[in-house]
Student: 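This structure is in structure tokens; I'll ask about it shortly.
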Amino acid sequence: MRAIIIGVGQCGTKIADIFSLLDFEALAINTSRGDLEYLKHVPKERRVLIGESVVGGKGVNANPLLGREAMKQDLPLVLRKVSSLVGYEDVDIFFLTFGFGGGTGAGGTPVLAEALKENYPEALVVAIGALPLREEGIRPTINAAITIDKLSKVADSIIAIDNNKLKESGVDITKAYESINYTIVERIASLLALIDVPGEQTLDASDLKFVLKAFGSFATVGYAKARVDEVKNLSKLIIKSFEAEGLYLDARIESALYGLVAIHGPPQIMKAKDIFEALEELTGRIRGKQIFRGFYPDQRTGEVEVVTLLSGIYDSRSIEDIIRTAKNYAREFMKAKQEAESRKKKLLTGLPDFDDIYPEEAGGDG
Ligand SMILES: Nc1nc2c(ncn2[C@@H]2O[C@H](COP(=O)(O)OP(=O)(O)OP(=O)(O)O)[C@@H](O)[C@H]2O)c(=O)[nH]1
Ligand SMILES: [Mg+2]
């Protein structure tokens, strides 16, 4: 199982930086030189400044048109960097990390996703993006809605993280960003660590790819962990992993098509009855009924860890809010623009030109 992480823009490169800390192969792409220099773990030669001729290394100030232009102009450079990282071994999944609300990530990620699909047809492209806070205003929401639309046509799955969920925790937003960035990396890393591990009932790369190849719909990763002595009933812990509060996205998991559950823990806790009870419950709940599962009994650990991936989700309040707000705004804005144009016309038609008022002999130098 080989995954390559590519962060685009500030949010995306911060997340890629954490993946890099955990020894994942990661690239960081940004229009801002300062933000690239600020990273700690992505090696220097894997940081790519794009759009320098457009914005001079200063970021695109939440303008996705510039972000798109920057990625298009420097796509050959980006693809060379990707290719030198990839080398001669196959890649199973490219994870693209970014913020939906800014300019570089929102504008650039769909362009990159499409190019990766063309150049690496065997690999999946999975987008991992943070949805903007409502308080950020209308532009981030519009950027997000349009980017969702574009990615849904090229990516295999979109793992959306709703930043609005962070406010519920009550901590200050920078700390909250950091903690959610770690959380998402921890979940993806735990999932990937359990793929292709030898054992009894295990998951391989093709299972994970099957679940994530879901026509650009939404996916979410749930997680639950507990010390062995705290676990009275494994079934409850498994169910907790796919309950809404664990997922950072308001979504109806019932609409999911596929699921994947990986359980890692000491063998004495892995009672078949508990596991099947929970899996049956999950299968009963999700619409697609297709669940892949992996059990990883491990003598050395004192903890039980459950990672749940659900995909093929189309029913999400977080997403709907954004799309609806963007559509309403666009409709109102278009209307206002049309009205302004027609008022302007109405107000100004009937005015004469200078020639009508000033007879020729009165003016000029003749
Ligand atoms: N979860 C999370 N969200 C973030 C983080 N940083 C920014 N965001 C969100 O991402 C959006 C802004 O994206 P950025 O990555 O800052 O923007 P960018 O892609 O660098 O684009 P420009 O700055 O316009 O060039 C906002 O909606 C923020 O709410 C972060 O570290 N974690
Ligand atoms: Mg930026």
Side-chain angles (χ1 to χ4, degrees), residues 5-19 21 28-42 47-52 54-71 73-74 96-113 127-148 150-151 158-169 171-188 220-221 247-249 318-319 321-322 325-326:
I5 320 295
I6 307 181
V8 187
Q10 188 180 20
C11 170
T13 52
K14 276 195 292 187
I15 295 174
D17 209 39
I18 306 171
F19 273 110
L21 171 68
I29 303 173
N30 207 342
T31 54
S32 159
R33 184 181 284 112
D35 287 349
L36 278 177
E37 280 168 4
Y38 178 82
L39 300 174
K40 291 199 189 80
H41 310 292
V42 175
R47 303 179 192 183
V48 191
L49 182 67
I50 57 167
E52 202 180 1
V54 192
V55 293
K58 292 193 160 53
V60 302
N61 204 6
N63 182 342
L65 278 179
L66 290 177
R68 183 173 72 187
E69 189 53 32
M71 186 63 84
Q73 275 198 5
D74 286 322
L96 308 187
T97 57
F98 63 99
F100 273 106
T104 304
T109 306
V111 175
L112 177 60
I128 304 180
L131 299 172
L133 297 166
R134 269 174 227 107
E135 288 79 357
E136 287 177 58
I138 191 66
R139 281 180 72 160
T141 304
I142 297 207
N143 295 352
I146 297 174
T147 304
I148 287 170
K150 292 192 185 302
L151 282 174
I158 304 171
I159 298 176
I161 306 145
D162 188 351
N163 278 343
N164 292 292
K165 289 282 213 182
L166 296 176
K167 284 181 309 198
E168 292 162 19
S169 69
V171 282
D172 94 88
I173 195 69
T174 319
K175 287 226 179 67
Y177 277 163
E178 239 166 73
S179 99
I180 199 166
N181 294 350
Y182 273 99
T183 303
I184 187 71
V185 173
E186 180 185 41
R187 290 183 187 190
I188 302 281
T220 181
V221 189
L247 301 176
Y248 292 110
L249 183 75
S318 301
I319 307 290
D321 277 355
I322 283 173
T325 308

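Side chains included, hydrogens not; waters and symmetry mates left out as well; all remaining heavy atoms used. Read the numbers this way: they start at 1 and go in the same order the structure lists the ligands and their atoms.
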Student: Less than 3.5 Å between some nitrogen or oxygen of Val60 and one of ligand 1, yes or no?
Tutor: yes
Student: I'd like to check which ligand 1 atoms, numbered from 1 as shown, lie under 4.0 Å from a non-hydrogen atom of Asn61.
Tutor: 24 (O), 25 (O)
Student: If you measure from each non-hydrogen atom of Ile161 to ligand 1, which part falls under 4.0 Å: side chain, backbone, both or neither?
Tutor: neither
Student: With a 4.0 Å heavy-atom cut-off (strictly under), which part of Pro140 contacts ligand 1: side chain, backbone, both or neither?
Tutor: neither
Student: If we count only N and O atoms by modelled type, under 3.5 Å, do the side chains of Asn63 and Asn61 hold a donor and an acceptor together?
Tutor: no
Student: Looking at residues at least two apart in the chain, or sitting in another chain, which of them share a side-chain contact (heavy atoms from CB on, under 4.5 Å) with Asp17?
Tutor: Leu39, Lys40, His41, Val42
Student: State, with a plain yes or no, whether a side-chain heavy atom of Val60 is found less than 4.5 Å away from one of Leu65.
Tutor: no
Student: Please list the nearest protein heavy atom to atom 32 (N) of ligand 1 with its residue and the distance rounded to 0.1 Å.
Tutor: Asn181 OD1, 2.9 Å
Student: Can you list the ligand 1 atoms lying under 4.0 Å from a non-hydrogen atom of Gly99?
Tutor: 10 (O)
Student: Looking only at non-hydrogen atoms, find the nearest pair between Tyr248 and Lys165 and report the distance.
Tutor: C-CG, 4.0 Å
Student: Give the residue, atom name and distance (to 0.1 Å) of the protein heavy atom nearest atom 12 (C) of ligand 1.
Tutor: Gly102 N, 3.6 Å
Student: Does the protein put a heavy atom less than 4.0 Å from atom 23 (O) of ligand 1?
Tutor: no
Student: Under 4.0 Å from a heavy atom of Thr31: which atoms of ligand 1 are those, numbered in the order shown and with their elements?
Tutor: 25 (O)
Student: So do the side chains of Ile29 and Ile6 get within less than 4.5 Å of each other, counting heavy atoms only?
Tutor: yes
Student: Does any N/O atom on Phe100 come nearer than 3.5 Å to any N/O atom on ligand 1?
Tutor: no
Student: Please report the closest heavy-atom contact between Leu151 and Ala127, naming both atoms and the distance.
Tutor: CD1-CB, 3.9 Å
Student: Side chains of Thr31 and Thr104 only: does a donor on one sit below 3.5 Å from an acceptor on the other?
Tutor: yes
Student: Is the shortest heavy-atom distance from the side chain of Asn163 to the side chain of Tyr177 under 4.5 Å?
Tutor: yes
Student: Enumerate the atoms of ligand 1 whose separation from the nearest heavy atom of Pro132 is less than 4.0 angstrom.
Tutor: 27 (O)
Student: Compare every heavy atom of Gly51 with every heavy atom of Ala70, then report the nearest pair and how far apart it is.
Tutor: CB-CA, 3.5 Å
Student: Just to check, does Ile180 reach to within less than 4.0 Å of ligand 1 when the distance is taken from its heavy atoms?
Tutor: yes
Student: At what distance is the nearest protein heavy atom to atom 4 (C) of ligand 1, and which residue and atom is it?
Tutor: Cys11 SG, 3.4 Å
Student: Hey, which atoms in ligand 1 end up nearer than 4.0 Å to a heavy atom of Ala130?
Tutor: 1 (N), 2 (C), 3 (N)
Student: Return the residue, atom name and 0.1 Å-rounded distance of the protein heavy atom closest to atom 3 (N) of ligand 1.
Tutor: Asn163 ND2, 3.1 Å
Student: Which heavy atom of Ile319 sits nearest to which heavy atom of Ala160, and what is that distance?
Tutor: CD1-CB, 4.1 Å
Student: Quick one: pull up CD1 in Ile15 and CD1 in Ile128 and give me the separation to the nearest 0.5 Å.
Tutor: 7.5 Å
Student: Any N or O on Asp35 sitting closer than 3.5 Å to an N or O of ligand 1?
Tutor: no
Student: In terms of residue, atom name and distance, what is the protein heavy atom nearest to atom 28 (C) of ligand 1?
Tutor: Tyr177 OH, 3.2 Å
Student: Looking only at non-hydrogen atoms, find the nearest pair between Pro110 and Thr147 and report the distance.
Tutor: CG-CG2, 4.0 Å
Student: Atom 20 (O) of ligand 1: which protein heavy atom is closest, and how many Å away?
Tutor: Gln10 N, 2.8 Å
Student: Using a plain distance cutoff, I'd like to know if Ala62 has any nitrogen or oxygen under 3.5 Å from a nitrogen or oxygen of ligand 1.
Tutor: yes
Student: Identify, for atom 25 (O) of ligand 1, the protein heavy atom at the shortest distance, and state residue, atom and that distance.
Tutor: Thr104 OG1, 2.7 Å
Student: Could you measure the distance from the CD1 atom of Ile5 to the OG1 atom of Thr97? Nearest 0.5 Å is fine.
Tutor: 7.5 Å
Student: If you count the atoms of ligand 1 from 1 in the order shown, which ones are under 4.0 Å from a heavy atom of Gly105?
Tutor: 19 (O)
Student: How close does the nearest protein non-hydrogen atom get to atom 26 (C) of ligand 1, and which residue and atom is it?
Tutor: Glu136 OE1, 3.0 Å
